[in-house]
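One structure is given here, and the rest of the page talks about it.
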Amino acid sequence: MTHDDTAPVYGSAVTKVEPFGVDHIPDNERHGKPSSQFFVWFAAGLNFPIILLGFSAVGLGLSFGAAVAAIVVGAGLGSLLMAVMSRMGVRLGVPQQIQARGPLGFFGNFLPVAYINVFAGVGWAAVTVILGGKAISELTHLPFWVCGLALTLVELVVSIYGYNMINFLQRVLTYVLTPLFVMITVVALVRGAGTFAADPKAADYVGSTGGWITFGGWFLSFLVAWAPFASDYSRYLPDSPSVVKRTAWFTGLGNFVTICWLGILGVLLGSNATSTDSITALHQLTGPFAIPALIAVGLSALAQNFLNVYGGAISVQTLKVPVTRTQAVTLICALAYAISLWGHSGVEDKFSVFLNLTAYFIAPFATVLLLDYHLGGRSDPSRIAELYDRRRVLSWGFAAWAGGVLASVPFWQSDLYTGAFASAHPHAGDLSMWVAAGASAVLYLLTYRLRPLWTRDTPATAEPRPEKTAAVAGS
């Protein structure tokens, strides 16, 4: 009996468990259309907290026009970042976290991946379970622990099935959630919305420029937080110039539309908002239509957490923790559920503040990856083997990333920590991400032509060739 080596093991089967973990996706497994990226990110962006974030414009004293402009600029820059990074997945066929081994080194990649991706994946999955669980609990009157567990189990099963199942359900959720969020939009606007002028006497006013930078930065940081996962959902697409180009467009559009839509809605409603608690605000905004609105919030939690859990599991495997993808998914879900039980009673807001600090770490991470791809020659598929070579222990990209993070510390603005520059110049707004990205870019440009910081002279045990191990990688 002969075996056709060109026949796909996984292909486009939705009900087959994905056999790949952090492996390179070979050509015979490439499938799908660029339009799939629109549905992946559009569904993930249908996020009620974005509406709540829009409320903040009034507190910052911004005018309606300035707030809308800040959202458009922040969402535009974030969507552009996601678009460019999704192209990298099509070209190289590996997850974003594996790509980072190029500029940072095999082991130099561990620290940013451990904090940025594993921590953020678990943390945001927990926060999303809290939001969705509260909505379902309010709807069904069941205890939170039951509703949170139900959400977690659905996320567990779907994330185990993996890439094809997630792409399929994100498309379905787009069709289901869009009319529900349109309803929330129409009802909320009818029940109370309006424009407003700038207010220098607002509680959180830090100046028109500083407030604008800070407000737009919040919407940018929402998309920056997704950046380490952008390639994860495009790496199976066929590698051709037309697919690469269209993937970027669909990814950018999917992100931009939802962030602008819900953010601007939040700004319109901000002048009449009396609560920052998500469920209370939802009831106030939708009134007698709260039931379908709660359904929308519960389902949107799934659309977000499919990506959080799947991306977090890939991150665990990137760290060479000796677990399969299925085991990593189970670990992420268990941790997220445990944290949600601890945090659902009132500390989730503080936890979200802590998680928002991840943007300060992700901005230089994404900067180094982009520069390495476009200037460092990483776009060459013949160099993919370097990403699995353990002899490349530490590269200068790690220094560029770490330097960017350290340079941004004086500019941090958070309830947990405020840097010296931010304290002395509050009217400048939150410049942390910009400083982190700029410093890492300068450091990368100064060092990327240098020899790696640390390489092993003696051969180390290399990771198995992905084509040979694909059948067991995700089992």
Closest contact, heavy atoms only, Pro452 versus Ser395: CB-OG, 4.1 Å
Aromatic ring proximity Phe107/Phe110, centre distance under 6.0 Å: yes
Summary of side-chain hydrogen bond (donor to acceptor under 3.5 Å, both in side chains) pairs that have at least one residue in residues 165-176, sequence neighbours excluded: none
Atom of Val224, atom of Ile362 and distance for their closest heavy-atom approach: O-CG2, 3.1 Å
Side chain to side chain donor-acceptor pair (under 3.5 Å) partners of Tyr233, counting only residues at least two apart: none
Intermediate values then yes/no, side-chain hydrogen bond (donor to acceptor under 3.5 Å, both in side chains), Ser234 and Gln37: CA-CA 7 Å; Ser234 63; Gln37 302 307 291; 4.7 Å; no
Closest contact, heavy atoms only, Phe365 versus Asn109: CE1-OD1, 3.9 Å
Ser79 side chain to Phe256 backbone, donor-acceptor under 3.5 Å: yes
Phe361: ring-ring contact (aromatic ring centres under 6.0 Å, His included) partners, not counting sequence neighbours: Tyr115, Trp412
Expected output: side-chain Ser36 to main-chain Lys33 donor-acceptor under 3.5 Å: yes
Between CG on residue Leu394 and CG on residue Leu111, distance to nearest 0.5 Å: 10.5 Å
N/O donor-acceptor pair under 3.5 Å between Asn164 side chain and Ala13 backbone: yes
Main-chain N/O of Ile160 paired with Arg325 side-chain donor or acceptor, under 3.5 Å: yes
Interatomic spacing from CH2 in Trp212 to CZ in Phe215 - rounded to 0.5 Å: 11.0 Å
Heavy-atom donor-acceptor pair, Arg101 side chain to Leu387 backbone, under 3.5 Å: yes
Tyr163 and Tyr310 aromatic centres sub-6.0 Å: no
Expected output: side-chain Ser231 to main-chain Gly89 donor-acceptor under 3.5 Å: yes
ring-ring contact (aromatic ring centres under 6.0 Å, His included) against Phe250, all qualifying residues, sequence neighbours excluded: none
Residue of the set Leu307, Thr258, Leu253 for which side chain to side chain contact (heavy atoms under 4.5 Å, CB included) holds with Trp41: Leu307
Matching residue for Ser86 among Asn255, Thr251, Asp232 - test: side-chain hydrogen bond (donor to acceptor under 3.5 Å, both in side chains): Thr251
Separation between CD1 of Ile98 and CZ of Phe106, rounded to the nearest 0.5 Å: 7.0 Å
For Thr178 against Trp261, the heavy-atom pair lying closest together: O-CH2, 4.0 Å
Main-chain N/O of Gly121 paired with Asn308 side-chain donor or acceptor, under 3.5 Å: no
Smallest separation among heavy atoms of Phe398 and Pro112, with atom names: CE1-CD, 4.3 Å
Test log, rule side-chain hydrogen bond (donor to acceptor under 3.5 Å, both in side chains), inputs Gln304 and Asn47: CA-CA 8 Å; Gln304 297 161 58; Asn47 186 339; 3.1 Å; yes
Glu18 and Arg235: CA distance, side-chain angles, deciding distance, salt bridge (charged side-chain N to carboxylate O under 4.0 Å, His left out) verdict: CA-CA 13 Å; Glu18 181 185 356; Arg235 72 191 199 278; 3.1 Å; yes
Backbone of Val90 reached by a side-chain donor or acceptor of Arg30 within 3.5 Å: yes
Approximate separation, where rounding is to 0.5 Å, of Ile213 CD1 and Leu220 CG: 12.0 Å
Side-chain (Gln96) to main-chain (Phe229) donor-acceptor, under 3.5 angstrom: no
Interatomic distance, Gln327 atom CD to Ile332 atom CD1 [nearest 0.5 angstrom]: 13.0 Å
Set of residues satisfying salt bridge (Lys or Arg N to Asp or Glu O under 4.0 Å) with respect to Asp430, sequence neighbours excluded: none
Neighbour count above 12 (heavy atom, 6.0 Å) for Tyr161 OH: no
Partners passing salt bridge (Lys or Arg N to Asp or Glu O under 4.0 Å) against Arg392 (at least two apart in sequence or in another chain): none
Charged N-O contact under 4.0 Å between Arg378 and Glu386: yes
Distance, nearest 0.5 Å, that separates CG of Leu151 from CG of Leu156: 12.5 Å
Heavy-atom donor-acceptor pair, Thr318 side chain to Gln97 backbone, under 3.5 Å: no
Minimum heavy-atom distance Leu369-Met88, with the two atoms named: O-CE, 3.9 Å
Whether His31 and Tyr10 hold their rings parallel, tilted or perpendicular, with breakpoints at 30° and 60°: perpendicular
Parallel, tilted or perpendicular: rings of Tyr444 and Tyr448 (30°, 60°): parallel
